[in-house]
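These values consider heavy atoms only, across backbone and side chains, with no hydrogens, waters or symmetry-generated copies.
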Amino acid sequence: MSFDEIDKTFGTKNRDQGYDMLKARLDKGDRSVEVLWRLAQVIHERSACMPKAQRKAAINDGLKFAEEAVQKDSNHFKALKWNAVLIGQATEYMPTKEKLECSKKFKELLDKSLAKEPKDTALLHLRGRYKFSVASLTWLEKKLASTFYQQPPSHSYEEANEDFLAAYKVNPKWMENLFFIAKCYVALKDKNNARKYLTELCDIEPYSDAEQEFLDDAKAMLSKL
């Protein structure tokens, strides 16, 4: 199976077939950047369809492939992108100190990726998530962040939402992005807009375990508004 044929399995129910083909290449000794970034992407996709308890191990496996891809070619866009995506996912399972320490590398990868493709919706969403997490830091977390940064980052919920809304314009049915748009509006005490985007999210049929979790969380949030 060629890379073009493997790529056509991404984002479909045939992604496991693409994964098997890539793993076969890897087992035969092909550790090229083209194999590695694709493995990172397909593992990211597969992790969304796993129960939450199994997701962390898969994400860490995908991250190893993404990091190796960047080591092979530090200017390869897809390698940079999937390294950023998987670091972003991995931080969700880290304690605060480790998350803050990792955020510096994450932001560097994100900036380098966006410099190459400034309209990539996955990267815009990730930048929004980064800004959202910075805006959400407590006073103690900000003090801790100052040990990793000469000038600790500072962002607002409005800035985060600019990136989420830019991604929404391109992909309005993306449940994860809709959820974070709503979270921004909740943080900004704009209940009307929060309800609007949560309602849009609740009208979408989830296709994975991760999307079902966003749907459940959205319904819970909507019931409190």
Side-chain angles (χ1 to χ4, degrees), residues 1-52 54-94 102 105-130 163-164 167 170-171 173-177 180 206-214:
M1 186 179 279
S2 69
F3 283 135
D4 284 344
E5 290 172 313
I6 290 171
D7 291 348
K8 287 175 184 175
T9 70
F10 294 164
T12 75
K13 292 179 180 179
N14 296 322
R15 67 174 66 85
D16 285 350
Q17 185 182 359
Y19 171 80
D20 290 342
M21 293 298 102
L22 289 166
K23 194 70 169 57
R25 283 176 178 253
L26 190 77
D27 292 342
K28 289 178 182 176
D30 185 353
R31 302 190 80 88
S32 65
V33 67
E34 297 300 331
V35 167
L36 293 167
W37 76 255
R38 285 178 169 87
L39 271 169
Q41 177 175 346
V42 75
I43 289 171
H44 161 76
E45 290 187 12
R46 281 160 55 95
S47 73
C49 299
M50 295 176 180
K52 196 168 187 178
Q54 298 175 20
R55 219 170 285 157
K56 179 181 177 182
I59 289 165
N60 286 337
D61 284 344
L63 180 56
K64 289 174 187 174
F65 290 125
E67 288 176 338
E68 187 178 343
V70 171
Q71 288 169 6
K72 299 266 185 185
D73 186 347
S74 61
N75 287 307
H76 193 291
F77 170 68
K78 291 294 181 89
L80 290 165
K81 173 181 174 176
W82 291 106
N83 197 351
V85 168
L86 284 153
I87 284 182
Q89 274 192 296
T91 59
E92 295 175 20
Y93 299 91
M94 295 177 184
C102 202
K105 181 181 178 183
F106 169 68
K107 185 62 165 52
E108 288 169 357
L109 283 165
L110 196 54
D111 287 346
K112 194 169 182 179
S113 301
L114 278 164
K116 293 179 179 293
E117 293 286 346
K119 294 183 180 179
D120 185 286
T121 54
L123 296 172
L124 287 170
H125 174 82
L126 279 177
R127 188 171 66 184
R129 292 281 288 268
Y130 172 79
D163 284 331
F164 295 139
V170 179
N171 189 357
K173 299 292 186 181
W174 184 4
M175 295 175 79
E176 185 174 358
N177 194 61
F180 275 90
Y207 86 96
S208 67
D209 291 46
E211 287 202 341
Q212 183 62 54
E213 289 162 20
F214 283 117

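Under a cutoff of 6.0 Å and an axis angle of 45°, Arg25 and Phe3 form a cation-pi pair.
Between Trp37 and Phe10, the ring-plane angle classifies as perpendicular under the 30° and 60° cut-offs. Ring geometry for Phe180 versus His125: interplanar angle over 60°, hence perpendicular rather than tilted (30 to 60°).
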| message | Assess the residue pair Glu176 and Arg129 against the criterion (side-chain contact (heavy atoms from CB on, under 4.5 Å)); give the C-alpha distance rounded to whole Å, side-chain angles, the decisive distance to 0.1 Å, and a yes or no. | response | CA-CA 11 Å; Glu176 185 174 358; Arg129 292 281 288 268; 2.5 Å; yes
| query | So Thr91 and Met94, side-chain contact (heavy atoms from CB on, under 4.5 Å) or not? Walk me through it. | reply | CA-CA 5 Å; Thr91 59; Met94 295 177 184; 4.0 Å; yes
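With salt bridges taken as basic N to acidic carboxylate O contacts below 4.0 Å, one links Arg46 and Asp16. With respect to Glu92 and Lys52, no salt bridge is recorded, no charged nitrogen being found less than 4.0 Å from a carboxylate O. Under 4.0 Å is where a charged nitrogen must lie from a carboxylate oxygen, and between Lys112 and Glu108 no such pair does.
Residues Asp20 and Lys23 form no side-chain contact, since every pair of their non-hydrogen atoms from C-beta on lies 4.5 Å or further apart. In this structure, the side chains of Asp163 and Tyr130 stay at 4.5 Å or more apart for every pair of heavy atoms. Looking at Val42 and Phe65, their side chains never come closer than 4.5 Å, going by heavy atoms from C-beta outward. Inter-residue side-chain proximity for Leu126 and Phe106 is flagged as met; some heavy-atom pair is nearer than 4.5 Å. A heavy-atom distance below 4.5 Å is not found between the side chains of Leu22 and Tyr19.
Closest heavy-atom contact between Ala90 and Asn60: CB-OD1, 4.2 Å. Across Ala79 and Val70, no two heavy atoms sit closer than the pair O-CG2, 3.4 Å. Looking at every heavy atom in both residues, Glu211 comes nearest to Pro206 through OE1-CA, 3.5 Å. Heavy-atom minimum distance, Asp61 versus Ile43: C-CD1, 4.5 Å. Of all heavy-atom pairs spanning Arg31 and Leu26, the tightest one is NH1-CD1, 3.6 Å.
We find the NE2-CG distance between His76 and Asn83 to be 13.0 Å, quoted to the nearest 0.5 Å.
Using modelled atom types, one finds no donor on one side chain facing an acceptor on the other under 3.5 Å when comparing Asp4 with Ser2.
Judged by distance alone, with hydrogens and angles left aside, the side-chain atoms of Arg55 form a donor-acceptor pair with the main-chain N or O of Met50 at under 3.5 Å. For Lys8 (side chain) and Asn14 (main-chain N/O), no donor-acceptor pair under 3.5 Å exists by modelled atom type.
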